Structure formats: structure tokens, C-alpha cells
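In what follows, a structure is listed as C-alpha cells, so that the remarks can point back to it.
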Amino acid sequence: MKKINLKSPFAILLIVTFAVALILAFSGIRLDLTKEKRYTLSDSTIKVLESVKKPLTVDVYLEGDFPASFKQLQSETKFMLEEFRKINPKIDFKFIDPIKTKMSQDTLMAMGMQPSVLPDNKDGKTTQIYLFPYAVVKYNQRGVSIPLVIQQSNINAEEQLRKSIENLEYNLVSNIKAVATNKRKKIGILVNQDELNPREFEGFMNLALESYDAGPIVPKNNVEITQADVPLLKQMSALVIAKPRKAFTDGEKVILDQYIMNGGKTLWMIDAVNAEMDTLTRSKKVMPFPVDINMTDFFFNYGLRINPALVKDVKKYALLKLVTGEVGGNAQYTSLPWPYFPLGIAEHDHPITKNINPVKLEFPTSIDTLGGRKFKTHVLFESSERTLLKQVPNYVELKEISSVDSLGQMEKPSTPKIFAVALEGKFNSAYASRIERKSYPGFKATSPENKMIVIADGDVGRNKIIKGQALPLGVDMLTDEQFGNEQFLRNALDYLLDDSNLMELRNRNIEERLLDRHRIADERTNWQYLNLFLPLAIIGLLGGLFFWLRKKKFG
């Protein structure tokens with residue numbers, strides 16, 4: 001018997017390959033060879049996981065008999081949690097089949113889970129499968145339910161699951177951070193400028209309280225913000241100004257300027273025009289007029305100008321449900337296009353707006369970006385190329401709904417207009433070379449790295465009220481639609497207060513490397529025959545070659 005030469009190149013390669021395979025198998029090391037580093041945790045995620053000091057468990061209700069697409073989500077979730085556990089052994093997880101364990105739907109829904117109902121075709125019969133694709137994170141007697149499937153309309157099931165997998169790392173680690181963080185950041189809601197009332201802002205407060213401590217900022221003198229309110233403002237990581245209708249004084253503007261210069265984040269929801277739908281519905285027409293809150297020079301300092309002209313989008317708009325007839329004494333409703341309610345649809349690659357439903361805006365105006373500033377300006381939403389501008393004061397009438405793209409009085413076609421922007425970088429004070437700087441002790445001329453969001457619509461954060469009860473933010477009961485206002489504002493807060501840089505995970509893209517379905521359908525029969533006869537032909541060829549060599553050697 002011939003001995004194998006262990007010093008030969010082939011033997012050395014074989015031994016090295018076998019040794020590397022053993023090391024990788026027993027060490028748990030995995031090599032991520034994907035172009036987008038799909039299976040590599042970000043540095044931000046690792047930092048959050050390492051900060052978990054006590055045992056943390058994740059119960060995943062994604063076990064049982066369900067379609068293959070959900071099997072992929074299940075395997076991706078399991079892989080992600082295994083990676084989490086490698087980083088921090090205090091993190092553990094288990095998969096639960098709620099059907100097998102006989103958990104009632106009422107119990108699951110009480111935990112904040114909504115079922116996904118899927119059709120299942122077996123033996124010519126169609127049945128329904130109820131799934132609860134959620135994960136529940138438990139830490140130190142605190143817990144939160146996390147939907148593993150994103151809620152986005154107008155996309156098919158495959159696209160929805162792909163985007164859910166893209167969002168998986170951010171979804172899990174951001175909630176782990178929220179649960180495991182003992183000291184939560186504070187958000188102040190400015191209450192002094194005739195802003196939205198508490199019932200109209202209840203939906204926003206509920207979403208803010210999920211991850212932060214939020215509360216009102218009321219001036220001590222009940223008139224205007226003064227130096228006496230500065231200590232309270234300094235405790236706030238972010239300040240929200242929602243639809244102010246009372247003008248800011250010059251003294252308040254200096255205080256807000258210095259709040260920003262000291263690192264405070266701000267979320268502005270501004271109405272530059274007063275127009276209310278309730279009035280329009282009652283009287284069939286309304287006269288919108290400009291609202292001056294004395295902040296033109298303030299926003300100009302940040303390269304922004306909010307224009308007092310209504311934006312009509314005759315391509316991307318929400319529907320308005322109106323009574324259009326009567327049958328047998330019953331009112332007949334029809335949903336009609338209403339261009340004064342344009343939709344904010346994500347067309348720019350930004351983590352705030354990615355993978356969310358369209359955001360409903362009501363009588364918005366527009367924002368001009370002036371440029372020439374050293375910080376970055378990101379456009380979040382803008383109107384379509386079919387945009388009209390209506391100058392005010394001017395009548396808005398319900399009958400315009402019958403001809404949404406016709407030009408009315410004091411209207412003109414326009415290029416796309418910006419509805420919302422995000423600013424980030426080092427800001428300069430508007431009062432650095434003005435006498436007002438002497439009125440503020442410890443005046444700062446430049447901020448550290450900071451962020452700001454400005455939205456040219458004060459109603460983007462207002463929830464509807466039905467029979468005295470506040471509806472969830474973004475819910476339209478008349479048209480039975482769920483807009484993305486809640487997720488948009490939640491992402492906005494997370495963006496402003498994201499000191500771990502986790503929001504960048506929302507920009508992760510997973511490239512689908514799928515087979516050409518049309519080619520598969522066209523060439524299916526050919527490939528079936530090839531797969532059937534090619535192995536037989538190869539076996540026959542090798543068998544014939546074997547017999548020929550045997551006959552040549554021994555015959």
C-alpha cells in the first residue's frame with residue numbers, strides 16, 4: 001500500500017483546511033462574506049449589548065407551522081439573538097409557539113400583540129393561520145413587546161418581510177436599550193404659545209413616554225419664558241414646539257437660541273398659515289391667513305425660511321370622506337382627493353422616513369433651504385412635481401375637491417416644495433454679534449454637534465378626537481386609514497436623541513439575489529429534463545469509461 005506523503009502540497013492543504021474547519025466549528029466564529037455585511041453587528045449594537053448589566057430575556061412568539069417566508073424571518077431572528085448572546089451572555093432567548101402552549105389571543109393582545117392572519121391552502125381547503133410575530137424583551141421587571149413585521153401599506157408580503165429583516169437589528173437593539181437604560185432622557189413640551197391642547201397631543205405624548213420622560217414646560221410667570229425657566233430647560237435633552245400660534249418675544253428667542261447652543265435638540269411643528277378643517281366642513285369655505293410667530297430671523301439663522309403660502313399637491317394627497325348623497329334617509333359617503341392634505345412619502349434615503357407609511361399633512365406650507373451653512377440639511381419630505389401654491393389670505397372651498405388640478409384665484413404651478421427638514425452639525429448663534437448676548441449669563445456663540453427637525457405643518461402631531469376620546473396618532477376613522485405620523489415622529493425623537501448612532505441601522509439594505517422568475521417559468525420544462533437526464537448520462541458515461549478501462553487492463 002502506497003503511503004501518503006504528508007509533506008506534499010495537497011496533503012498540507014488538506015490538513016490546513018481540516019484544521020481551520022475544526023477551529024471555526026468549535027469556536028463559533030462565523031465569516032460574513034456578504035457584500036452588505038448582513039451578518040455583522042454594528043459597533044453601536046455591540047456597545048448597547050455590552051451595557052446590559054443584568055439578565056435580559058427575549059421571548060419570540062414565532063414558532064409553529066407557518067409559511068416559508070416567516071420561516072426565513074424566524075431563522076434571521078434566531079441568528080441575530082445568537083449573536084447578541086455571544087456579545088453578552090446575560091442576554092438569553094427562547095422561541096414560543098402560542099398555539100401549542102394554548103395561550104389565548106386575549107392574553108397575547110393584552111401584551112400589546114396584534115395577530116397576523118394568513119391564508120393556508122391544504123388539500124384544496126383554505127384555512128386561516130393566526131400568527132403573533134412579536135418578541136417580548138424582559139429586563140429587571142420591565143418589558144416591551146416588539147413587532148417583528150413592519151406595518152407599511154401598499155407593498156406586497158415579500159417586500160414587507162424583506163424590509164422587516166432589514167429593520168430587525170435596529171428593532172431589537174433599540175428596544176433593548178430602552179428597557180435596559182435606567183436613566184431615561186427628558187423631553188420638554190413647550191406650553192405657552194397657544195400650542196396644541198393636551199387631548200390633541202395625547203397620541204404624541206403616549207409615543208414619547210414609551211422611551212423617554214416627557215412633560216410640559218410652563219413659564220414660571222405664566223406669561224413668557226424667562227431666565228427663571230432656564231434651569232428646567234437645561235434638564236431637557238429635547239424640546240418640542242407643536243403648532244405655536246402666539247408670537248415669541250425677543251427674550252424668548254434668545255433663551256431658545258442658547259438652549260440650542262448648549263446642545264439642546266429641538267423639534268418644530270410650525271403652521272405659517274391658519275386654516276382649520278373643522279371650520280371648512282361647517283361653512284363649506286374658509287379664509288386662511290398668515291400666522292406670524294416672530295421667528296423668521298430665528299429660522300433664517302439656520303438657513304430656513306417658512307413660506308406663508310398653502311401647498312396643494314395634485315398627485316400625492318390624502319382622501320377626504322364627504323356626504324355626496326342620500327338613499328332611503330341614509331347618508332352616502334364618498335372618499336375624494338383633497339390636495340390640501342398632501343402625503344409625505346419617503347423619497348430620500350434617511351433613517352427617519354425609511355419603511356414607514358405615508359405621513360398625512362394638513363394645510364402645510366413649505367420650507368426654503370437657503371444654503372451657505374456649514375451644517376448638513378436633509379430633506380425629509382417634499383411635494384410632487386405636480387404642485388400648486390395658493391397665496392393667502394384667500395378662500396379655500398370644499399367645491400375645489402371636484403377639480404383638484406385646476407388653477408384657482410391667486411394660485412400658480414410650482415416646483416416641488418419641501419415640507420420637512422433635519423439639520424445636523426455645529427450651529428452658530430443668531431445673537432453672537434448682537435447686543436442681546438449680554439442679557440444671557442454664560443452666553444455661547446457656537447453649539448456642539450447638534451440636531452434639529454423643522455416641519456412646515458403644525459397638525460402633523462395632532463391626533464383626532466372622537467366623542468371625547470383621543471385616537472391613536474395617524475388614524476383616520478372616516479377613511480379607515482393608518483398614516484405614518486406616529487412612526488415618523490417616534491423616529492424623529494429617536495434621531496434627535498440617538499447618542500449611540502443606532503438610527504443608522506435603519507438605513508441598512510439587504511440586496512435580494514433572486515432568480516429570474518420569468519425565465520424560470522419559460523425554461524422550467526427544459527431544466528426539469530436536464531436535472532432528470534443529466535445525472536443519468538453522467539453515471540452512464542462514467543460506467544462505460546470504467547468498463548472500457550477494465551477491459552483494456554485485464555482483457
Side-chain angles (χ1 to χ4, degrees), residues 41-61 77 80-81 83-85 87-88 90-93 110-114 133-151 164 166-189 202-215 235-240 265 267 351-352 354-356 451 453 461 472-474 484-508:
L41 298 180
S42 70
D43 293 339
S44 303
T45 295
I46 293 172
K47 184 178 178 181
V48 170
L49 298 178
E50 290 176 342
S51 68
V52 177
K53 303 302 181 184
K54 296 181 180 180
L56 182 146
T57 59
V58 183
D59 295 339
V60 184
Y61 293 84
T77 305
M80 187 75 64
L81 292 172
E83 295 298 302
F84 286 6
R85 187 164 56 188
I87 299 298
N88 191 338
K90 290 185 175 66
I91 298 174
D92 199 7
F93 66 92
M111 296 168 64
M113 305 183 198
Q114 297 297 322
Y134 282 78
V136 178
V137 177
K138 301 176 183 178
Y139 179 83
N140 197 23
Q141 298 182 343
R142 294 163 60 187
V144 61
S145 296
I146 309 169
L148 298 177
V149 178
I150 65 166
Q151 302 301 315
S164 299
E166 283 182 346
N167 200 51
L168 187 59
E169 182 177 346
Y170 171 78
N171 206 8
L172 290 172
V173 77
S174 62
N175 281 280
I176 287 175
K177 180 185 177 184
V179 170
T181 301
N182 292 324
K183 188 176 180 181
R184 305 209 302 177
K185 293 184 177 180
K186 295 182 178 181
I187 296 174
I189 314 298
E202 189 172 323
F204 180 90
M205 290 298 295
N206 289 337
L207 74 87
L209 288 169
E210 291 176 7
S211 303
Y212 309 100
D213 291 334
Q235 298 176 27
M236 303 297 155
S237 299
L239 194 61
V240 178
K265 314 299 190 296
L267 172 58
I352 295 178
K354 185 175 181 180
N355 293 344
I356 66 173
K451 297 176 182 178
I453 294 175
L473 187 58
N485 297 48
E486 179 177 334
Q487 188 61 54
F488 169 58
L489 294 175
R490 178 184 285 109
N491 291 347
L493 291 178
D494 291 344
Y495 166 82
L496 291 174
L497 300 174
D498 180 24
D499 52 6
S500 300
N501 204 31
L502 290 177
M503 283 294 289
E504 287 303 316
L505 295 175
R506 285 183 53 80
N507 268 342
R508 171 167 286 184

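Only a predicted model underlies this, so the values are computations on that prediction, with no experimental measurement involved.
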Handout entry: Side chains of Glu169 and Thr45, donor plus acceptor under 3.5 Å
Key =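 Yes - a donor-acceptor pair under 3.5 Å links their side chains.
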
Practice task
Give a yes or no on whether a salt bridge exists between Arg506 and Asp494, defined as a side-chain N under 4.0 angstrom from a carboxylate O.
Solution key: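 No, no charged N to carboxylate O under 4.0 Å.
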
Problem - Over 12 foreign heavy atoms within 6.0 Å of NZ, Lys47 - result: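 No - once you tally the heavy atoms of other residues, nucleotides and ligands closer than 6.0 Å, there are 12 at most.
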
Practice task
Report, as yes or no, whether the 6.0 Å neighbourhood of atom CG on Asp43 holds more than 12 heavy atoms from other residues, nucleotides or ligands.
Solution key: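 Counting neighbours around CG of Asp43, 12 or fewer heavy atoms of other residues, nucleotides or ligands fall under 6.0 Å, so no.
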
Practice task
Please report the shortest heavy-atom distance between Ala135 and Val58, naming the atom on each side.
Solution key: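 Heavy atoms only, the tightest pair is CB-CG1, 4.0 Å.
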
Exercise for the section: Kindly give the heavy-atom pair with the smallest separation between Leu497 and Ala238, and that separation in Å. Expected result: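 Taking Leu497 first and Ala238 second, the nearest heavy atoms are CD2-CB, 3.8 Å.
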
Handout entry: Val60 and Leu148, any side-chain heavy atoms less than 4.5 Å apart
Key =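 The answer is yes, as the side chains (C-beta and beyond) meet within the 4.5 Å cut-off.
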
Problem - Student check: side-chain heavy atoms of Phe84 and Leu56 closer than 4.5 Å - result: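 The answer is no; the side chains never approach within 4.5 Å.
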
Of all residues at least two apart in sequence or in a different chain, which pass the side-chain contact (heavy atoms from CB on, under 4.5 Å) check with [X]?
{"X": "Lys90", "value": "Asn88"}
{"X": "Glu202", "value": "Arg199, Asn206, Asn463, Ala470"}
{"X": "Ser145", "value": "Met111, Met113, Tyr134, Val136"}

Problem - Under 3.5 Å: donor-acceptor pair, side chain of Thr181, backbone of Ala178 - result: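 Checked: no pair found.
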
